[in-house]
J.: 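I'd like to ask you about the structure that follows.
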Amino acid sequence: MKFAKFVVKFKIPILILAVLLLIPSVIGIATTRINYDMLDYLPEDMETVIGQNELLEGFGKGAFSLIVVENMSDKEVVKLKSKVQKVDHVDTVIWYDTVADISIPKEMLPDDIYSAFNSDNATMMAVFFDTSASSDLTIDAIKEVRKVCGKQCFVSGISALVTDLKIICEKEEPIYVAIAVVMALIAMLLLLDSWLIPIVFLASIGLMILYNMGSNFFFGEISYITKALSAVLQLAVTMDYSIFLWHSYIEQKEKGLEKNDAMAVAVKDTMASVLGSSITTIAGFIALMFMSFTLGKDLGIVMAKGVLLGVIGCVTVLPAMILILDKPLQKSRHKSLIPSVDKLSKSTLKHFPIYICIFLLLVAPALYGYFKTNNEVYFNIGEAMPEDMEFNVANRKLTDNFNMGTSHILLIDSNTDTKEIRKMTKELKEVKGVKYVLGLEAVLGPAVPMEVIPDDLTSIVKNDKWELMMIGSEYRVATDEVSEQINSLNKIVKSHSKTSMVIGEASCTKDMIETTDYDFKVVNIVSVILIFIIIAVVEKSLSLPFILIAVIELGIFINLGLPHYLGQSLPFIAPICISTIELGATVDYAILMTTRYKTERIGGLNRKEAVWTALSKSTPAIIVSGAGLFAATIGVAVYSDIDIISSMCMLLARGAVISVLCVMFILPAFLYLFDKIIVKTTLGMKQIKDIKENENEKNLC
């Protein structure tokens, strides 16, 4: 109570401090780097990641792109190559004239090399950058290369994808927030009892969102997914706390308390009530930190921090705002537009066996769809981007002109004998789907001794530790075919040189597929265990955690199972994140109803009266909360051109609706059915004696 009185007494200094904190927050937001490369979140000890680091440190080559050049003469291509070479952070440009003078006919090249890099009206050059794939310097270099090349050239590669992602995200992200705010505002204006209080809520939550985003400065960088989702999620998830404070404040005022005293009680009650709710939500985000794919840690930390800040803002900044604006807030009050749910509550209890049967009938198909959906996810992010995006246009040009899907890079131990490398090269060319193998030995052939090759040419692809080779593949990234191909390539390479490595976008994506499959299982288990423990502690019960998690998990299984039945494929990160976020965010609905049921049961009501009261009194708050989550995410889902963002927001919006329905109809049936078990396994309820229900039940029905 001391803290609550402190907040009330120092409301003006609290608001002044809140405004002043905006200054470092805005600076922090402006200086926090955004990472657009999903492959950057692979564990550091993976061979592909080690290989990428070796490529950058040993050769000064990080990012890699293939440029398709159409309708240019050889002399024009030479000039173009020279211009590209001069772009800042372009390390090497490899084309025909790298190994031979253009006066020598290209037909003198080995047939496989010639056909791989030349078609009727197009040729292809390889560009290495001296910075990593997702570096800001690489992104700037890609933009400059595109500018230099003009409309006749098409730049592919992971860095081109990262560049296009950044362009789209920077254009869309302010609109995401605006859509979420407007939709949430509309929902609250319709469902709350004041025309002004939604604006106050948004102002308070908005401050906490800015603090959260600004404090990301201390991490150095965050993922573009985290940046795009965190503001929307924080708004949706922490709205409940503001609604609870407002209702508690109004309740105390209606009891006759003066506004300062009413707010002090409201702050005290809110702190006690939202503790369990916020901890379960935070636990859902903490579970993401157990992912070995560190994007989970990135999103988990930022969102857990956002929920914590949301709680702090709810009991400090929001009370100060409400007290200062008390008069206009009271004048703007109106009757809530949510109708009475008493009849619906009675009907739900009367037909509770039906809802138990519905639960049992839905479990099997929901579980089946849930696991099938997880096996049907896609990992090639570029394919889910707009078709006219420059990266996708370049990929189509690669396929149309050269029948190429991707390329691999080999790092061969430089101590490997030349004859052994030539033997290995021959075997690599025979692997299914390999278009070409490009290296010194492959291009020049055995007739040219390595000793006579100029040092400036050798240094491009060879140093004291490694020799660099390139492999062209017909297969696209993230396909079963390319995974099998990589396995075959690795087997051959390791048989000739154990320390040599196959790296590149396809290899990293293959590792990402294997990593996230493991993460999906781990994160689900961790989130359920954490939330089970929290519910058990908050509710002081052994049985209630099973009931509440069963109800919410059914909603999650239905939500994530629907894409399978609808023939939809989700981005790989969606099932992992949504299963934990939805569990953490919507289990609050179940806790709210269950806590009220316990209170009424301990207060002397029989099981039917207790469940009915809990259902009728909790449903309006659950509807408002679910509507807030739905409203804040559905607009972004419809608007965004980035499928990862759109899919995750659509799942959250749909999950909110499904979870609300599960809590409103299935949870009361479970509480009624398992009442005796709950009473026997819950502290504080064991003293409840059986109460004759016949008359009361007749009245309720």
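Computation of the quantities below employed the complete heavy-atom set of this structure, encompassing side-chain atoms and omitting hydrogens, waters and symmetry-equivalent molecules. Everything numeric here is computed off the predicted structure, so don't read it as measured data.
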J.: With distance as the sole test, does Thr32 use its side chain to make a donor-acceptor pair with the main-chain N or O of Gly28 at under 3.5 Å?
T.: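 Checking the backbone N and O of Gly28 against the side chain of Thr32, a donor-acceptor pair under 3.5 Å is found.
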J.: Please check if the number of heavy atoms outside Asn121 that lie under 6.0 Å from its CG is greater than 12.
T.: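 It does: Asn121 CG has more than 12 such atoms within range.
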J.: When rounded to the nearest 0.5 angstrom, what is the spacing between CD in Glu54 and CD1 in Ile503?
T.: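 Glu54 CD to Ile503 CD1: 9.0 Å, rounded to 0.5 Å.
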J.: Can Asn71 and Gln152 be said to form a side-chain hydrogen bond (donor to acceptor under 3.5 Å, both in side chains), step by step?
T.: CA-CA 7 Å; Asn71 303 315; Gln152 288 174 271; over 6 Å; no
J.: Determine whether Ser292 and Thr515 satisfy the following criterion, side-chain hydrogen bond (donor to acceptor under 3.5 Å, both in side chains), listing intermediate values before the conclusion.
T.: CA-CA 7 Å; Ser292 52; Thr515 299; 4.9 Å; no
J.: State, to 0.1 Å, how close Val437 and Lys429 come at their nearest heavy-atom pair, and which atoms those are.
T.: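 What the structure gives for the nearest pair is CG2-CG, 3.6 Å.
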J.: Heavy-atom distance under 4.5 Å between the side chains of Thr633 and Met648, does that happen here?
T.: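 Side chain of Thr633 against side chain of Met648, heavy atoms only: no contact under 4.5 Å found.
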J.: Indicate yes or no: at least one non-hydrogen side-chain atom of Asp40 is less than 4.5 angstrom from one of Glu221.
T.: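 Asp40 reaches Glu221 side chain to side chain.
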J.: Any sub-3.5 Å donor-acceptor pair from Ser414's side-chain atoms to Asp464's backbone N or O?
T.: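 Answer holds: yes.
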J.: Please report the C-alpha distance between Asp298 and Ser223 in whole Å, then the side-chain angles of each, then the deciding distance to 0.1 Å, and finally whether the side-chain hydrogen bond (donor to acceptor under 3.5 Å, both in side chains) criterion is met.
T.: CA-CA 7 Å; Asp298 186 83; Ser223 160; 4.6 Å; no
J.: For side-chain hydrogen bond (donor to acceptor under 3.5 Å, both in side chains), just list the numbers for Ser497 and Asp413, CA-CA rounded to whole Å, side-chain angles, deciding distance to a tenth of an Å, and then say yes or no.
T.: CA-CA 7 Å; Ser497 176; Asp413 189 329; 4.6 Å; no
J.: Just so I know, are the side chains of Ile642 and Glu172 near enough to count as touching, which here means a heavy-atom distance under 4.5 Å?
T.: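 Contact flag for Ile642/Glu172 side chains = yes.
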J.: Roughly how far apart are Arg654 CZ and Glu582 CD, rounded to 0.5 Å?
T.: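 If we round to the nearest 0.5 Å, Arg654:CZ and Glu582:CD are 9.5 Å apart.
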J.: Report yes or no: do Ser473 and Gln485 form a side-chain donor-acceptor pair below 3.5 Å?
T.: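 Yes, a side-chain donor-acceptor pair sits under 3.5 Å.
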J.: If we only count heavy atoms from C-beta on, is the Trp95 to Val69 side-chain gap below 4.5 Å?
T.: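 Sidechains of Val69 and Trp95: no contact.
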J.: What is the minimum heavy-atom distance between Val87 and Ala141, and which atoms define it?
T.: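 Here Val87 and Ala141 meet closest at CG1-O, 3.9 Å.
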J.: When rounded to the nearest 0.5 angstrom, what distance separates CE in Met469 from OG1 in Thr425?
T.: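 If I round to the nearest 0.5 Å, the distance is 3.5 Å.
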J.: What is the minimum heavy-atom distance between Val302 and Asn212, and which atoms define it?
T.: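 Looking at all heavy atoms of both residues, the shortest contact is O-ND2, 3.2 Å.
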J.: If you look at every heavy atom in Thr48 and Cys508, which pair is closest and at what distance?
T.: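 Between these two residues, the closest heavy atoms are CB-SG, 3.9 Å.
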J.: If you measure from CD1 on Ile301 to OG on Ser230, what distance do you get to the nearest 0.5 Å?
T.: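 Between atom CD1 of Ile301 and atom OG of Ser230 there are 13.0 Å.
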J.: Quick one: closest heavy-atom pair of Lys166 and Asp136, and the distance?
T.: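 Nearest pair, atom of Lys166 first, then Asp136: NZ-OD1, 4.1 Å.
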J.: Rounded to the nearest 0.5 Å, how far does OG1 of Thr294 lie from CG of Leu42?
T.: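 Output value for this atom pair is 8.0 Å.
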J.: Enter the distance from Ile222:CD1 to Asn35:CG here, rounded to the nearest 0.5 Å.
T.: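 Atom-to-atom, Ile222:CD1 and Asn35:CG are 10.0 Å apart.
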J.: With a 3.5 Å distance limit and no angle check, can you tell me whether Asn392 reaches the backbone of Gly382 through a side-chain donor-acceptor pair?
T.: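 Pair found, side chain donor or acceptor close to backbone of Gly382.
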J.: So, do Thr163 and Glu390 sit near enough that their side-chain heavy atoms are less than 4.5 Å apart?
T.: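 No, side chains not in contact.
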J.: Could you tell me whether a side-chain N or O of Ser483 sits under 3.5 Å from a main-chain N or O of Thr479, the two making a donor and an acceptor?
T.: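 Side chain of Ser483 to backbone of Thr479, a donor-acceptor pair under 3.5 Å: yes, one is there.
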J.: Given the rule in the side-chain contact (heavy atoms from CB on, under 4.5 Å) test, do Phe217 and Ile27 qualify, once you have shown the distances and angles that lead to the verdict?
T.: CA-CA 9 Å; Phe217 167 79; Ile27 294 171; over 6 Å; no
J.: For the side chain of Ser579 and the backbone of Pro575, is there at least one donor-acceptor N/O pair under 3.5 Å apart?
T.: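 At least one qualifying donor-acceptor pair exists.
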J.: Test Phe64 against Ser407 for side-chain contact (heavy atoms from CB on, under 4.5 Å), laying out the working first.
T.: CA-CA 10 Å; Phe64 165 73; Ser407 54; 3.1 Å; yes
J.: For Thr516 and Ile513, indicate whether the former's side chain and the latter's backbone hold a donor-acceptor pair under 3.5 Å.
T.: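 Side chain of Thr516 to backbone of Ile513: a pair is present.
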J.: Can you tell me if Glu467 uses its side chain to pair, donor with acceptor, with the backbone of Leu411 under 3.5 Å?
T.: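 Answer holds: no.
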J.: For a side-chain contact (heavy atoms from CB on, under 4.5 Å) check, start with the C-alpha distance between Leu428 and Leu410, then their side-chain angles and the critical distance, and finish with the verdict.
T.: CA-CA 11 Å; Leu428 292 172; Leu410 300 189; 3.4 Å; yes
J.: Assess whether a salt bridge exists between Glu47 and Lys494, defined as any Lys/Arg side-chain N lying under 4.0 Å from an Asp/Glu carboxylate O.
T.: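 Yes.
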J.: State whether the side chain of Lys83 and the backbone N or O of Cys149 hold a donor-acceptor pair below 3.5 Å, judged by distance alone.
T.: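 No, because the side chain of Lys83 does not come within donor-acceptor range (under 3.5 Å) of the backbone of Cys149.
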J.: Indicate yes or no: at least one non-hydrogen side-chain atom of His408 is less than 4.5 angstrom from one of Ile486.
T.: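 Touching, per the 4.5 Å side-chain cut-off.
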J.: Using 30° and 60° as the class boundaries, would you call the ring planes of Tyr639 and Tyr176 parallel, tilted or perpendicular?
T.: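 Taking Tyr176 first and then Tyr639, their aromatic rings stand perpendicular (interplane angle over 60°).
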J.: Near Tyr518 OH, under 6.0 Å, is it more than 12 heavy atoms from other residues, nucleotides or ligands?
T.: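 For Tyr518, atom OH is not crowded (no more than 12 foreign heavy atoms under 6.0 Å).
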J.: Show, in sequence, the C-alpha distance, side-chain angles and deciding distance for Ile167 and Asp164, and conclude whether the side-chain contact (heavy atoms from CB on, under 4.5 Å) test is met.
T.: CA-CA 5 Å; Ile167 292 169; Asp164 288 339; 4.3 Å; yes
J.: Decide yes or no for Ser82 and Lys86: does some side-chain heavy atom of the first lie under 4.5 Å from some side-chain heavy atom of the second?
T.: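 Answer yes - side chains close enough.
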J.: What heavy-atom pair brings Asn463 and Trp466 nearest, and what distance separates the two atoms?
T.: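 Heavy atoms of Asn463 and Trp466 come nearest at OD1-N, 2.6 Å.
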J.: For Phe402 and Tyr436, I'd like to know if the aromatic rings sit close, meaning centre-to-centre distance below 6.0 Å.
T.: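 For Phe402 and Tyr436, the ring centres are not under 6.0 Å apart.
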J.: Take atom NZ in Lys143; do more than 12 heavy atoms of anything else shown fall under 6.0 Å from it?
T.: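 Yes, because the 6.0 Å sphere around NZ of Lys143 holds more than 12 heavy atoms from other groups.
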J.: Whether the side chain of Thr416 engages the backbone of Ile421 through a donor-acceptor N/O pair (distance < 3.5 Å, no angle test) should be reported.
T.: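 No, Thr416 side chain to Ile421 backbone: no donor-acceptor pair under 3.5 Å.
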J.: With a 4.0 Å cut-off on N to O distance, would you call Glu514 and Lys510 a salt bridge?
T.: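 Lys510 and Glu514: salt-bridged.
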J.: Would you say the side chain of Leu165 lies within less than 4.5 Å of the side chain of Ile168, judging by non-hydrogen atoms?
T.: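 Side chain of Ile168 against side chain of Leu165, heavy atoms only: no contact under 4.5 Å found.
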